[in-house]
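The block underneath contains the structure these notes are about, expressed in structure tokens.
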Amino acid sequence: MAETALLDIVIVAIDAIATVAFAASGLLEAARKRLDPVGVCIVAGVAAFGGGTLRDILLDQRPLYWVEYSNWLWVLLIACALAMAWMRTQHVEFTRKTMQWPDALGLGLFCATGTQIAYTQGMPAIVCVLMGVITATFGGVLRDIICNEVPTAFKDHRPYVLCAFAGGWTLIAAHELAVAPRFGVPIAAGVAVALRLLSLALDLRLPGWAIRRD
Amino acid sequence: MAETALLDIVIVAIDAIATVAFAASGLLEAARKRLDPVGVCIVAGVAAFGGGTLRDILLDQRPLYWVEYSNWLWVLLIACALAMAWMRTQHVEFTRKTMQWPDALGLGLFCATGTQIAYTQGMPAIVCVLMGVITATFGGVLRDIICNEVPTAFKDHRPYVLCAFAGGWTLIAAHELAVAPRFGVPIAAGVAVALRLLSLALDLRLPGWAIRRD
Amino acid sequence: MAETALLDIVIVAIDAIATVAFAASGLLEAARKRLDPVGVCIVAGVAAFGGGTLRDILLDQRPLYWVEYSNWLWVLLIACALAMAWMRTQHVEFTRKTMQWPDALGLGLFCATGTQIAYTQGMPAIVCVLMGVITATFGGVLRDIICNEVPTAFKDHRPYVLCAFAGGWTLIAAHELAVAPRFGVPIAAGVAVALRLLSLALDLRLPGWAIRRD
């Protein structure tokens, strides 16, 4: 039970950082698309909570994690308000590049906790990894859909979903090797973040397509 | 128990009016985007039932309200068919302005009933209000996403989500003041509708953004 | 019980064919939109499993069918990889027309099994048919939304949703006439597929609209 309690703390802490990271990515994307302040808050919220919410719905897990930790909703609202006030005075120019760092962090952290939560429910390995990938990427996918763009994760030919996929399998491997989850989860998160940052640094690209449009 | 039964009637009645109002908004938007008759019915249905369905899924409440009152599906289908037949003979020109009135009505009514339903489940106040906002706005958000537009509610700089937010908190305040829900729900709905109509009449705008695109 | 077991086999077999058909349609659409290989796999997966997943969520049925038969996820992944490798060497030109056949097949098969699953849960007839329609069409709708297009099913004025609707009612009629579901389900699927292919062959169109844009 002490083990479980410790693991819960690790998961909540990691999820908190990932939530902030994705909220920042949503805020930047919404600002780039010139949404109004309310739209910015909502897109930030969807980017932050969308992936985890979809995972909880698919796994039929209630209460949703942002219902259980509902104070986070206040934190998100206040953080968005402050960020908008600050950005307004600063005339900062945010580019896609600015978003890459928080995004990579959120990606790795969420894929590890999402995989772990499905694992705890006794799901098959492929489903666990898929839940990790969904947790990590669907916040961003929903963010892009709301902003009326084809999700970046599906079209920019950079390894993104693949990094989450690798992170998920790292956690499954750790479980197979009987590594305690309180170590396995951070390791898996680290692998995914490292892979993402490495692929950005090396400018790796997925192979292209040779299909003409009709 | 008589109190509960009475409240149920109030909620069903209010939901019915809001459903019709949002179905009309969906029908008009789909017609503007020149969808085919089947697409018009579906977008009208999504606009009418989408917000409440998402709320029920998030709260894990079954049967969904349109499964419980499934005759409403027939009403919607027949109403859409009649509306399309009528619009075809009339060559009416529908503008965004035409949609504002039914939209404001649906917004206020759904935010009150959505907040109340979450309140009955013992959710924290911020979650109740959020469920009210989701019930009130996500039908329209899904409508806009299907019609391939950035949701109007997030980008037109008019108070819309904010009105639902205020209506939700009005209901929470009414509960705190021990006002009976059968009064509190209509009051909260009225506040939200009034705020929305007032902000349209006064042409209120949310503050803008000073961020350049990259 | 032998009857139920036999019906289960019929449903699983039909669902398998429909899943492959829709995965192919998703793969082709994603390739046409020039998504990267990962995006192609995901859009193929969403097209294949999206409708059934939404049905299971709305009916609150767990485990989701692709969790229960999770080996299918491997089949999908490997099939997508092979298809992409093959398409790359062949420089095939895929048009909307290529997609019509697998799409028609998936449409008919999923509408029959979706209606049957809701029927087994004792839902009202209109809800059963709607669940069949959702199973059959929302994979494609989600595919189009992710690819940032107005769903084809809602705007191309061809009978598509209507064919699924007719197939669903065929199954309800079969139940009323006490036809065994192991016959009724394939018959309903056949009716929907036949209607779709017939309407394509005859180039049938839904009536248009006479509304000007504002």
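Chain letters run A, B, ... following the sequence lines, proteins first and then strands; every chain starts at 1. Please read these numbers as outputs of a predicted model, since none were measured by experiment.
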Could you tell me which portion of B:Asn71 (side chain, backbone, both or neither) has an atom closer than 4.5 angstrom to a non-hydrogen atom of chain C?
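The answer is neither part of B:Asn71.
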Tabulate, in ascending numerical order, the residues of residues 124-144 of chain B having at least one heavy atom closer than 4.5 Å to a heavy atom of chain C, or enter 'none'.
none
At a 4.5 Å cut-off on heavy atoms, which part of C:Tyr160 comes close to chain B: side chain, backbone, both, or neither?
neither
Side chain / backbone / both / neither for C:Ile57 at chain B, heavy atoms under 4.5 Å:
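Both parts, backbone and side chain.
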Looking only at heavy atoms, what is the nearest atom pair of [X] and [Y], with distance?
X        : Y        : result
C:Phe154 : B:Leu35  : O-CB, 3.4 Å
C:Arg158 : B:Asp36  : N-OD2, 4.3 Å
C:His157 : B:Arg34  : CE1-O, 4.1 Å
B:Leu77  : C:Phe165 : CD1-CZ, 4.2 Å

With rounding to the nearest 0.5 Å, note down the distance linking CZ in B:Arg62 to CG in C:Leu59.
8.0 Å
Hey, does the side chain of B:Asn148 reach the backbone of C:Asn148 with a donor-acceptor pair shorter than 3.5 angstrom?
yes
Just give me the residue among C:Asp60, C:Leu206, C:Asp156 that pairs up with chain B most often, heavy atom to heavy atom, under 4.5 Å.
C:Asp60
